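Within every chain, numbering begins at 1; the chains are lettered A, B, ... in the order of the sequence lines, protein sequences first and strands thereafter. Quick caveat: nothing in here was measured; it's all calculated off a predicted structure.
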2 protein chains.
Amino acid sequence: MPTHFQGDAETVRALSAYINLVRASDSTLAKTTAHLEGLGVTNGQFAVLEALLHLGPMCQHTLGKKLLRSGGNVTLVVDNLERHGWVRRERQAEDRRMIQIHLTPKGRRLITRVFPEHAKVVAKVMSQLSAAEQEQLRKIARKLGRGADELCTERLKREKEHDHDQTKQ
Amino acid sequence: MPTHFQGDAETVRALSAYINLVRASDSTLAKTTAHLEGLGVTNGQFAVLEALLHLGPMCQHTLGKKLLRSGGNVTLVVDNLERHGWVRRERQAEDRRMIQIHLTPKGRRLITRVFPEHAKVVAKVMSQLSAAEQEQLRKIARKLGRGADELCTERLKREKEHDHDQTKQ
DNA sequence: ATCTGATCGTTTAAGCTTGAACGATTTGAG
DNA sequence: CTCAAATCGTTCAAGCTTAAACGATCAGAT
């Protein structure tokens, strides 16, 4: 094989970290997705429902930015969620370009029931790592993927800390 | 909102690490994919070409396991690679169920040219992290995604160490 | 030799995802 | 006011991905 890989140690290190990162993500995502499918909810649908539950109603454009998905994708996922009766669209009066997405009571019941199960699966998968390792992973991954919001986790922490209702919504 | 998230600190920690992991992977993968698309190679195609370059010819089933992809997916990707003239199928004589995939000279030229560029992009993205952080990330992610082989990195390290041709194949 | 079960690759249907083109709406400049 | 540019959601074509059903091939038992 006449071609060498000409990278230095730095490049080898970066590639190694990168590959393991993507594989770990793929692998854990597959496990949690398998659980969701058994509940009749796709990955994208779950992500939207979770965002609406933990962050409140928001318009599709915002949803797309939060979830790192294209506009067309959000339209499709919301279509499907609407078809199931889990969310409803509400055109904004002050800016008729925007459509705010709301959880319906039915949708709220669903995600409220499903999310704890999902959390349990994630906890089980992540339990392969020690607490310290999970914390390191969180910090490093956050630094790497910075610019992306953290969705539910901040809210979860607040809920945990205060431990009382935030009846807003 | 009458429903609390009932998880303990352990679950919150796991979720937080998980979300940041998936987001970091999504985010970095998007950046590297964007570069590949400009070269007329899809993600899956690149992964196959890279595996063939760094691990040598192998049958589709093995390819699927290495890349964590379904059999049907491997068939499609190899179809497309074959259509471009970058790989060829070679039915095995000793076991006619298997089909070994080989890089063509044209395919080898392509991946040999493209891989260093890809490595450079990865190195740039990962340079947001210090060397120590990258090393930590590699270890932790590897532990989490264990069972998955590391594809090129081991081979790259060997090439780097020995720094001479391994003209095999 | 024949049969059974396992393995490998292919095909198909379904769903996800994206980018680009498009229409509706708003904003701001003139 | 009027028009141009920007923003938001929708639609469409294309490609990726998977699971399941299928045919071909092999290995082992009888």
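- One side chain, A:Gln60 or A:Arg89, offers a donor N or O that lies under 3.5 Å from an acceptor on the other.
- Checked by distance alone, A:Arg96 brings no side-chain donor or acceptor within 3.5 Å of a matching partner on the base of C:dT25.
- Using a 4.5 Å cut-off on side-chain heavy atoms (C-beta onward), A:Leu29 and A:Thr32 make contact.
- Nearest-nucleotide mapping onto DNA chain C: of B:His61 and A:Gly72, the residue sitting toward the 5' end is B:His61.
- A:Arg138 has a carboxylate O that lies under 4.0 Å from a charged side-chain N of A:Glu135, or vice versa, which qualifies the two as a salt bridge.
- Between B:Gln60 and A:Glu94, the residue whose closest nucleotide on DNA chain C is further toward the 5' end is B:Gln60.
- B:Gln92 and B:Arg97 share no donor-acceptor pair across their side chains, judged by distance under 3.5 Å alone.
- Taking every side-chain heavy atom of A:Arg69 into account, C:dT18 is the closest of D:dC8, C:dT18, D:dT10.
- In this model, a side-chain donor or acceptor of A:Arg97 finds a partner on the base of D:dT7 within 3.5 Å.
- Which of C:dT26, D:dT17, C:dT18 sits closest to the side chain of A:Asn73 comes down to C:dT18.
- In the set D:dG9, C:dT17, C:dG9, the nucleotide with an atom closest to the side chain of A:Met98 is D:dG9.
- In the set D:dC16, C:dT18, C:dG9, C:dG9 carries the atom at the smallest distance from any side-chain atom of B:Cys59.
- Checking the phosphate oxygens (OP1, OP2) of D:dC26, no side-chain nitrogen or oxygen of B:Arg91 falls inside 4.0 Å.
- Of the candidate nucleotides D:dG9, C:dT17, C:dT26, C:dT26 has the atom lying nearest to any side-chain atom of A:Asp95.
- Listed nucleotides C:dT26, C:dC16, D:dG9 differ in distance to A:Asn80; the shortest reach to its side chain belongs to C:dC16.
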